[in-house]
Structure formats: structure tokens, C-alpha cells
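Single-structure report; data block below.
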Amino acid sequence: MIKHADVVIGLSYGDEGKGKVVNSLLKQGNYTHCMRFNGGHNAGHTIHKEDKILSTHAIPTGYLQDVQPIIGPGCVVSPRLLEEEYENLVTRGFRGTKKIFIDKRVNIISAEHLNEDSNEVSIGTTRRGNGPAYRDKYARKNLRFGSFSNWNNGFFEVVDVYEELHGEKECEVMMEGAQAVGLDIDWGDYPYVTSSHCGLAGVIQNGIPMQKIRNVYGVAKAYDTYVGTKKFEKEDPVFGKLREVGMEFGTTTGRPRQVGFLDLDLLVRSAKLNSVSHVIVNKVDILEQVGVWKAIFNKEVIDLQTKEQFVRFITNTILKEVETTKNVFMSESPKDI
Ligand code: IMP
Ligand code: MG
């Protein structure tokens, strides 16, 4: 039975540093499980560990910690890419202690889905078969992990999340989001969106009853980044510098990320829509290195001059605008987990 679940979601366009927040919460808390609840191999969490930089895609970032990792029913997974991702971690010396549980309802990204997405150009997907797999899921003609008996891949096990989380054992679950509300299928800037529910709707749909949700951690970055074909409205020569210093290149595709100032209008909307209790603003050190303190509010660029003013403005705006948010934390670039 679930004692409670905490949730980590992105408030902007992904790549806010959710992996770092998940890892530090897992270290501090008494969590028993860490579940990825949306998306597939389009996600990319960067993990810094022992001087190595690792990426996880479909595998929950909690895999390297002492919790049971689960890929939840809201996800889509390619068995081939999953195996490659796992092999890559193991080759580099990182083997989790537990098998990865995959819910039997998880839909399969097939070779055809990957092939179809491989030359997508209109919205600039990550080309990992995400859209075609969700399309076929909703057309009710797709295969799921439970469609096969006797998977025997050693490192994962097909389970029923209901039995795992709603049985006798008391569970504390970390719900690890991928992408972000700005890319949500319904609440993002359609059609420049991913194909899954990146907020609380996605969490609940993965078998987590609403009233078991304790904290919702919304993650943002001190400036925004986005990958895809949409163009940000505001231009500024400093964006190139932020990209270089912040190393803003896609974890999954290596593409340069488009950079913009932190859009508080989007952040506030995402936080309100998902009853966010804590906001974490990552990579403030990058703005400091570049020496620019700007944000967008009410569609205007606000020039805040100093770090102190920036921190105060961001914090006060969020606390004033979002009723459920009680804490705003400023944080730096990810370091070792
Ligand atoms: P898809 O999810 O691969 O179909 O891509 C749809 C849109 O979401 C594209 O603009 C992608 O660049 C973006 N996207 C998908 N996953 C991520 C992510 O993990 N981080 C950042 N952008 C993403
Ligand atoms: Mg990412």
C-alpha cells in the first residue's frame, strides 16, 4: 500500500535538471520505489557520478540508488534501446542492484515506430519513436510488454504495478517525470509538444491515487532552453554565451538547445496547474558566470541587475502568484550524486 508519493516534474521545456532533484531527494528520503511515469527514450537525464557523466533515457534515474526502479504504465519503451541503454551503463561500471520493473501495460516502441520517426522534421522530435508509439497506443492497435510471456532479458522484469504498490508492503514512491509541462500534449504549445502527460495527470494515471500525493517538486532553470523547430520570441546576444557556459546541448540528440530568459509566465502557469509545493530553480551559477540577470514576466523582459534582485524577484513572484507553492530554492549546476 502506498504511504505517500512525491512527484518531480519539469515546469519549462525539459532539461531543467530533474534528475539531480530526484537523486538528492532519494538520498534524503525513505523512498522504496522510483517510477518513471511518462515518455520513453526521448528523455535524457544527465547524471554526474565519480567524475563520469552518464545519461539515462527510459531507465529511471533512481536505478543507481537503493530503491526499486519502475517504468510505469504511462511510458513507451523500445526493448532494443532499453537494452542498449542498460549495456552502456554497465560497460561504464554502473550496475544497479535491482532488476528494473516494467509494468505490463507499458506500450512498445517498435522498429517501425523508430523508423517512422527517424526522419521527422516538422516539429523536431528526438527521433526516438515516441509519437508513433503513442499514436498506435491510442488507436488500440499496439503491443505492450504484457503481450509477451517469458521475457528473459536478465536486467528487467515485467510486473503489475497494481500488485507492486497496492499490496501488503508499505511503499513510499518517488514519481520521476520526463520532459515538462511546456511540452505536455495538452498544456504545451501544440504542435510543438511531446505525446505524453508530463504533469500530475500522468502521475495519477500510473496508479497513484490523488490523495497519496504529498509534495510536488517543480523544477526550472535560471534561463530557459528548448529543442525543436519553434523559435523563441526574444533574441539576445547573450543566449549563445549561456549555451556555451551552461553546456546546453541535447542529452539524447546532441542538438544545440535554443536559449531564452526564464519565462515566469510559463513557470507560474505550470506550477498552478500542478499544485506545485516546492520550486527548484537550477543553474543560477551559469547566469552568474555570464553576468546577466534577466527574466520574462507578463511577456516583458525584466532586467534585474544583480543576483540578489534576481533571486528576490523570482522567489516573490512565484510565492505571490502560486497559492500552493510554499518554498522556492535557488540551486546550481548538477554535481556528483
Ligand atoms: P518527441 O518527444 O521526441 O516526440 O519530441 C517532441 C518535442 O519534445 C521536441 O521538441 C523534442 O525536442 C522535445 N523533447 C522530447 N523529450 C525531451 C526531453 O527530454 N528534453 C527536452 N526536450 C524534449
Ligand atoms: Mg533532458
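None of these values were measured; they are calculated from a predicted model. The figures here come from the full heavy-atom set of this structure, side chains too, leaving out hydrogens, waters and symmetry mates. One-based numbering, in listed order, for ligands and for the atoms of each.
For ligand 1 and Tyr13, the ligand atoms under 4.0 Å from any heavy atom of the residue are 21 (C), 22 (N). Interface of Thr125 with ligand 1, defined as ligand atoms under 4.0 Å from a residue heavy atom, comprises 1 (P), 3 (O), 4 (O), 5 (O), 9 (C).
Looking at Gly124, Gly228, Ala43, it is Gly124 that brings a heavy atom closest to atom 9 (C) of ligand 1. Counting heavy atoms only, Val193 comes closest to atom 7 (C) of ligand 1 of the residues Val193, Ile185, Asp189. With distances taken over non-hydrogen atoms, the option nearest atom 3 (O) of ligand 1 out of Thr126, Val76, Thr225, Asn130 is Thr126.
Residues Arg144 and Val106 have side chains not in contact (no heavy-atom distance under 4.5 Å, counting atoms from C-beta outward).
Here the side chain of Asn215 pairs no donor or acceptor atom with the backbone of Tyr217 at under 3.5 angstrom.
At least one heavy atom of Arg255 sits closer than 4.0 Å to an atom of ligand 1. Residue contact check for ligand 1: Arg128 places no non-hydrogen atom closer than 4.0 Å to it. Residue contacts with ligand 1: Gly44 is included, with a non-hydrogen atom under 4.0 Å away.
With ring centers used as reference points, Phe239 lies under 6.0 Å from Phe261.
Taking 4.0 Å as the cut-off between side-chain N and carboxylate O, Asp189 and Lys230 count as a salt-bridged pair.
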**OP:** Please assess Thr125 against Asn130 for the test side-chain hydrogen bond (donor to acceptor under 3.5 Å, both in side chains), listing each intermediate value before the final yes or no.
**Re:** CA-CA 8 Å; Thr125 70; Asn130 199 62; over 6 Å; no

